[in-house]
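First up is the structure itself, then whatever we jot down about it.
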Protein chains: 2
Amino acid sequence: MVTRKEVAELAKVSEATVSRVFNGLGPMKPATKERVLEAAKVLGYHPNAIAQSFARRRSGNLGVVLPYMPKVHLFSAYYFAEILSGIGEQVREQGYDMLLSLLTPDDDLDYGRLYRSQKVDACVILGARDTESQRSSLLQLQEQGLPFCLVNQRFEGLSFLEVDADHVEGSYQAVRHLLDEGYRKIAFLNGSPHYTNSLDRRHGYQKAMLEAGLTMDPALLFEGNYSRTSGYEIAAKVWEIRDQVEAVFAANDRMAIGLMQGLRERGWIAGRDYAVIGCDDSDAAKLSDPPLSSIKVPFFEMGKGAARAVLASVGQGSSEVQLQVKLPTELKIRQSSKWIRQE
Amino acid sequence: MVTRKEVAELAKVSEATVSRVFNGLGPMKPATKERVLEAAKVLGYHPNAIAQSFARRRSGNLGVVLPYMPKVHLFSAYYFAEILSGIGEQVREQGYDMLLSLLTPDDDLDYGRLYRSQKVDACVILGARDTESQRSSLLQLQEQGLPFCLVNQRFEGLSFLEVDADHVEGSYQAVRHLLDEGYRKIAFLNGSPHYTNSLDRRHGYQKAMLEAGLTMDPALLFEGNYSRTSGYEIAAKVWEIRDQVEAVFAANDRMAIGLMQGLRERGWIAGRDYAVIGCDDSDAAKLSDPPLSSIKVPFFEMGKGAARAVLASVGQGSSEVQLQVKLPTELKIRQSSKWIRQE
DNA sequence: TTGTAAGCGTTATCAA
DNA sequence: TTGATAACGCTTACAA
């Protein structure tokens, strides 16, 4: 490997000068700079990033922490790809790299590993859940002054850096839309309450229902685990009380699609016999039959925002970064919810 | 940050001894080890990974190179999630970390950046295409002795480390299945020939057709770009020659689903009026209506295998690693191809 | 405007 | 079985 030293020799300057050229520091005679650049080019010199990190005491890496996911549930692959792209874009703009870390459930308490080893300067944490162990791990990180940002998950009572979407408003809009279309008996298929996501969606549902003068009928509340299969299974339960159901709002697309499949087997077709709206506006929403109305969540922007926020907090102790951010969602109407039920 | 020095002082040993304990090197009096470990624990010492990399002249990072993908075509998000998980599993087993790098098309020639900066010891390259510029970039890497492994893409005539699936055999099986079901007029919807993937699938199709005594009718060959939309658009063309088509073999699920959507709008339903088989066995195959028969590709294992192969080649110059690997695929039959066309 | 030199926290070699 | 010590390639005062 070509080192700075060789460049310095060839250019007949000191090593420090080579560094200055490559870091664009200090005033500098153009001719000198010229000579250094020329020498570097001739020799094929490229600064050693590891050595730079070592000297700067910063890795130049942003950690991205994901739940280890042979079986992804909450997150569609789509979600994941979008967020990663968003983080990737921001990171690249700031000259950082992304270090991916897949955590198994056992690693819960080990959020700190990447930091302690100093392989990353900050982290974006995806797929966190509100459990005791995660709360305490995160608190510990915070106490140690290790910067991180959560995406799509909040922790009430704690003040972490969090980038989320406005799921309450999104769900409210979705249910409002169903109400506007004339549906009254609206069931809600939610996911685990360990995700603030689920809680928010429930709030939105509740708000719209109450506002319309309707009560929250417990019989119309179902809980799946965000998988297609769970939606499929719940179709059986919905079918049992089909005379009380005109529409379903599901907390993600996969469950919505599973539900549609299950009900179709019983002869109930979405967009004809009942309406459905999902959440995420994933690829699957466009692929399903009928196409699924869904709440579009700006995953890309959330990833990008999280990366920006947490990297900003690296630069300057704790700066003017807004702690909690909520990005707007958008309702995408497709056939699954378009037509009023035919009596 | 706690350093080795402080641990050494507390444990009353030299710094070298602390290193030995943490690296499990050399013979060592248990009592000494005990003392060092105790001291480290008391102080909360963790080796600085950057300093280690610096001293070892190895980063401990495996680079994963992805095409930058606001608009993914060839690869479903599913594909990425699976491969990344596979790489992640292997990497973790070997104590490596994954450094993700999203390359924009302009970066084509810049495969070397990560290496030159020495931030990674090896790379797994996803989503490569067989173009002149990529060929030369990769050749350059090879000449510089920088280890990399390609996934799901081969370069004929060059000997790179490559992990692929047996797409020829997979496609052959799929078309055989259609033939066995009694279909004769089988169209083929392929993707860009820049991917060996596409070429392989075409070979498999051809092999099965010829073997059955059928000719390759150019009128039955269509080319999309692996997107759902392209499949949807091609439905119009297929529709025009519908009397010559009984079944379609599509080179990925997304195009297959787009095609099904397009034909459905014209009253043609897959699994009733014609048969379809896709490739990848992505989530979408299970979500589509009717569920789509598809060729399952072992993406997870491919990722894992690629990581293992390329990391092996890091350890030991160039070792006994098998250069080209092809993993088997598996045909998943679902409703879209189950029934013989009703005359 | 440029050079000198002191770190940075390890690994690894050589002696003891 | 352990200790000294020279790298490693850079950043960054401080000096000139």
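Computed from a prediction, not measured in an experiment: that's the story for all the values here. The analysis underlying the following values was restricted to heavy atoms, covering all of them including side chains, and did not include hydrogens, waters or symmetry mates. Below, chain A is the first sequence line, B the second, and so on; all start at residue 1.
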In whole Å, what is the span from the CZ atom of B:Phe22 to the P atom of C:dA12? 16 Å
Have a look at B:Thr32 and say if it touches a base, only the backbone sugar-phosphate, or nothing, with a 4.0 Å heavy-atom cut-off. sugar-phosphate
For the pair made of CD in A:Gln52 and P in C:dC8, what is the distance, rounded to whole Å? 19 Å
If you check the A:Phe54 side chain, which of D:dG3, C:dT2, C:dG9 turns out closest? C:dG9
Of the options C:dT2, D:dC8, D:dA4, whose atoms approach the side-chain atoms of B:Ala16 most closely? D:dA4
Could you tell me how far apart B:Arg56 (CZ) and D:dA6 (P) are, to the nearest whole angstrom? 22 Å
For a quick check, tell me whether the side chain of B:Arg20 and the base of D:dG3 share a donor-acceptor pair closer than 3.5 Å. yes
5'-most by nearest nucleotide on DNA chain D - B:Arg57 or B:Lys29: B:Lys29
Expressed as a whole number of angstroms, how long is the span from B:Arg58:CZ to D:dC8:C1'? 14 Å
Which listed nucleotide (D:dA4, D:dC8, C:dT1) is nearest to the side chain of A:Pro27? C:dT1
Using salt bridge (Lys or Arg N to Asp or Glu O under 4.0 Å), reason through B:Lys5 and B:Glu15 one step at a time and then give a plain yes or no. CA-CA 6 Å; B:Lys5 189 173 177 182; B:Glu15 297 187 37; 5.5 Å; no
State, without any angle test, whether B:Asn61 and B:Asp121 hold a side-chain donor-acceptor pair at a distance under 3.5 Å. no
Rounding to a whole Å, what distance do you find between B:Lys119:NZ and D:dG9:P? 18 Å
Below 4.0 Å: OP1/OP2 of C:dG3 and any side-chain N or O of A:Thr17: yes
Please walk me through it: do A:Lys304 and A:Glu82 pass salt bridge (Lys or Arg N to Asp or Glu O under 4.0 Å)? CA-CA 10 Å; A:Lys304 183 157 179 172; A:Glu82 284 293 303; over 6 Å; no
Rounded to the nearest angstrom, tell me the gap between atom CD1 in A:Ile50 and atom P in C:dG9. 16 Å
Is a side-chain donor-acceptor pair under 3.5 Å present for A:Arg58 with A:Tyr96? yes
Any donor and acceptor pair, going by atom type alone, linking the side chain of A:Arg154 with main-chain N or O of A:Glu162 inside 3.5 Å? no
Rounded to whole angstroms, how far apart are CD on B:Glu9 and C1' on D:dG3? 15 Å
Length of the CG-C1' vector between A:Asn48 and D:dC8, whole Å: 9 Å
Is any side-chain N or O of A:Ser19 closer than 4.0 Å to OP1 or OP2 of D:dC10? no
Nearest to the side chain of A:Pro47, heavy atoms from C-beta on, is which of C:dC8, C:dT10, D:dC10? D:dC10
So which one's nearest nucleotide on DNA chain D is more toward 5', A:Val2 or B:Ser14? B:Ser14
